[in-house]
Enquirer: 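Supplied in structure tokens, the structure appears directly below.
Throughout, protein chains are lettered first and strands after them, A, B, ... in sequence-line order, and every chain is numbered starting at 1.
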Number of protein chains: 2
Amino acid sequence: MNTEIEKNVRVELGDRAYDILIGPGLIARAGREIAARLKGKRMAVITDEHVAPFYLAPLTESLAAEGIQTFPLVLPAGEKTKSFEHFMTVCDHVLAAKIERNDAVIALGGGVIGDLTGFAAGVVRRGTRFIQIPTSLLAQVDSSVGGKTGINSRHGKNLIGVFHQPDLVLADSDVLDTLSKREFRAGYAEVAKYGLIDKPDFFEWLEGNWQSVFAGGEARINAIAVSCQAKADVVAKDERENGLRALLNLGHTFGHALEAATQYDSARLVHGEGVSIGMVLAHQFSARMNLASPDLARRVEAHLKAVGLPVSMDQIPGELPPAEQLLEAITQDKKVKGGKLTFILTRGLGESFVADDVPASEVLSFLKEKLGS
Amino acid sequence: MNTEIEKNVRVELGDRAYDILIGPGLIARAGREIAARLKGKRMAVITDEHVAPFYLAPLTESLAAEGIQTFPLVLPAGEKTKSFEHFMTVCDHVLAAKIERNDAVIALGGGVIGDLTGFAAGVVRRGTRFIQIPTSLLAQVDSSVGGKTGINSRHGKNLIGVFHQPDLVLADSDVLDTLSKREFRAGYAEVAKYGLIDKPDFFEWLEGNWQSVFAGGEARINAIAVSCQAKADVVAKDERENGLRALLNLGHTFGHALEAATQYDSARLVHGEGVSIGMVLAHQFSARMNLASPDLARRVEAHLKAVGLPVSMDQIPGELPPAEQLLEAITQDKKVKGGKLTFILTRGLGESFVADDVPASEVLSFLKEKLGS
Ligand SMILES: NC(=O)c1ccc[n+]([C@@H]2O[C@H](COP(=O)([O-])OP(=O)(O)OC[C@H]3O[C@@H](n4cnc5c(N)ncnc54)[C@H](O)[C@@H]3O)[C@@H](O)[C@H]2O)c1
Ligand SMILES: NC(=O)c1ccc[n+]([C@@H]2O[C@H](COP(=O)([O-])OP(=O)(O)OC[C@H]3O[C@@H](n4cnc5c(N)ncnc54)[C@H](O)[C@@H]3O)[C@@H](O)[C@H]2O)c1
Ligand SMILES: [Zn+2]
Ligand SMILES: [Zn+2]
């Protein structure tokens, strides 16, 4: 059962505190872990067509062994599933399954399934119990922790949703073996991010051990656990994203602009790849503003490159829009006060901070330089 | 300006506390009251086709005078508007209007518009500021207070929603002059309810002054204010409806069963009418269980009858289903534990309590008797 290498991260949110279990074989053991915490005997399981063939049957069998009846719903895979239509389908499914007070809704999948299912769980009967079983690295280290849920609208990503904390998160480290290499790397960008925010030792450890993290086993579990703990610490202090939680956006301001510039076309760029390029840009821009050394930017770039992540805008296939348009995407994303932007910048390795007085003009010249325009 | 007769009820919810202003001319003064509390200059106004012709222009003019731009959306009137489709339309409208942190979404209408708009405000950007301008008596004394929002699903009423407290409630007592007599009476059933829950003096005052309440002026404002205060007190103690708030359901268990039995056909029965019959039944059933005197049931019946509300099931036009089916609707609505039901019953005038051990068999014989079957 390998429980000796299993990790438990507790998200401290008072009477809504919950456990994140991280380790191998957790899907096979899901029934026991859930039955130990919830009394309900009916669970809706929402998943997607890529994940279902591998993990739906093992999960429902594990729940059945505890006398828990499951009501599965398999949705198409991909970001487009975070839509109003699918949201309605999930709400309807949960109601049809007669999920009540002690029962729960389970998200089995990546961040798309987690965000969509969490939103539905947050509004059906004004809040239903919710269990996350994240199956992508990104979902395990980021989206399944913290209670942010939501869907996209034609006006932008993640614009409609609620904060709804799960009752339990089961991050089975084995399931990442079926995840594509590209998706694994994209999730890894978020792992590296936690080091760059405020954990220099962790970043250094990743530089030396990333191959073991990719290979699986204890190093992988450690990387997931450190990441979850980092996010859990921030969430416990700033549940509703009023201040501190902003640091989690390191690399994301540039990254989101690039995602928008590529029309969220995952063939060209997935979220974690945008974050990878964005983190390198944030470090380079910090150097340009004389906040940190250019050597640090080179070090960050070297590591992300080594794992196979893109680190500069010219690695994105296809044309990018001009710098002016990227800046516009950035100012759309962020509040602008008198020509000043808010960015997460850094003063050194693992010394990120919120800078709320970044001149838009500086960002523009920087982007022009980087685009070679 | 009549501010001398205006009332202010404060809903004490810590850092989410808010005011309910009750009085004449509040729509004309809405701009000033809102500008005094919120800095935003953009407001989406959601209303319905019955309310818009009377009050939309006065409201937008009042806001314009304070430099606030409005983005109105006029929806069809009626319970069917509390649907997924209209919810989507409202979310989209609020996003298109670019309502941001200090701006707000305003619900101008009855409980239907309030519940729908509040739900959208609760989820757009994971929570947008929200102002209630309730225009029906029911909305002024009940649905606009307490933050319960939501829509209906094919599985039942109000099954999907969130708790989202408003920043301000403006209950303009003048607007009730254009409300139909029938809708006014239906709202009055909820006013009487607060007396029957735990305010015997208020119920007595209503018995003597209900005609002035219907006529308008100070008595009406007083009745609304006492009702809002009663609900605000309960909400402050039990925001998320875990216990105490159950008392607000006096008359509603029977009432909901009758609404379901008449397929929510408002030509046959509107909510407040169901509550009126339900309150009489709850008092009669309390007498049958030897908890309260039959005289009290007769007194409650006499008052509701005097104002023109239906007080017995045979006043509902059309066929009603047999007692067994009504009981089934009741057990659907409530938790059943070992044949025991939870009801709000009473021990005397204004001495309601939660009874969680009511034998289903007793309810069934009572209903049979009442239906004469
Ligand atoms: N809520 C939050 O706090 C938060 C934080 C970050 C990202 N997000 C959201 O997360 C989403 C991205 O998450 P994601 O990267 O997991 O995307 P995803 O859910 O689309 O998963 C990526 C792909 O991997 C597949 N997949 C997942 N697990 C697998 C497995 N074990 N084996 C084989 N295939 C598997 C999926 O079917 C999908 O095709 C975005 O919508 C983003 O907005 C949310
Ligand atoms: N959120 C809560 O806590 C709560 C509590 C009780 C009821 N409710 C909900 O409230 C809804 C019922 O509210 P309602 O009775 O106000 O229904 P409603 O909103 O449908 O209004 C009743 C009718 O009166 C019209 N109207 C409203 N104000 C008017 C005015 N000033 N002049 C002329 N016409 C006017 C409306 O257009 C509608 O035709 C239900 O959906 C119920 O579920 C919610
Ligand atoms: Zn991210
Ligand atoms: Zn009611």
Enquirer: By side-chain contact (heavy atoms from CB on, under 4.5 Å), which residues pair with B:Asp48, not counting sequence neighbours?
Expert: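 Testing B:Asp48 for side-chain contact (heavy atoms from CB on, under 4.5 Å), a comparison that skips the adjacent residues, returns B:His50, B:Val51, B:Ala77, B:Ile113.
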Enquirer: In terms of heavy-atom pairs under 4.5 Å, which option from A:Val124, A:Val94, A:Thr128, A:Leu95 contacts chain B the most?
Expert: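 Among A:Val124, A:Val94, A:Thr128, A:Leu95, the one with the most close pairs to chain B is A:Leu95.
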Enquirer: Working to the nearest 0.5 angstrom, can you tell me the gap between A:His155 NE2 and B:Lys98 NZ?
Expert: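 NZ of B:Lys98 is found 8.0 Å from NE2 of A:His155.
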Enquirer: Quick one: pull up CG in B:Asp92 and CD1 in A:Ile160 and give me the separation to the nearest 0.5 Å.
Expert: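 One gets 7.5 Å once the value is rounded to the nearest 0.5 Å.
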Enquirer: Tell me whether the count of non-hydrogen atoms from other residues, nucleotides or ligands lying under 6.0 Å of NZ in B:Lys41 goes above 12.
Expert: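 Enclosed: over 12 neighbouring heavy atoms sit under 6.0 Å from NZ of B:Lys41.
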Enquirer: Between A:Phe119 and B:Val123, is any pair of side-chain heavy atoms under 4.5 Å apart?
Expert: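 Yes, at least one pair of side-chain atoms sits under 4.5 Å.
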Enquirer: Need one label for B:Ala120: side chain, backbone, both or neither, based on atoms under 4.5 Å from any heavy atom in chain A.
Expert: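 Neither part; nothing is under 4.5 Å.
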Enquirer: Indicate yes or no for a side-chain donor-acceptor contact from B:Arg126 to the backbone of A:Thr149 under 3.5 Å, with no hydrogens or angles considered.
Expert: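 Checked: pair present.
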Enquirer: Could you grab the distance from atom CZ of B:Arg125 to atom CG of A:Leu159, nearest 0.5 Å is fine?
Expert: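 Output value for this atom pair is 5.5 Å.
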Enquirer: Are A:Phe84 and B:Phe87 near enough that their ring centres are under 6.0 Å apart?
Expert: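 Between A:Phe84 and B:Phe87, the centre distance is under 6.0 Å.
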Enquirer: For A:Lys82, check side chain to side chain donor-acceptor pair (under 3.5 Å) against everything at least two apart and list the hits.
Expert: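 Here the qualifying residues are A:Asp115, A:Asn158.
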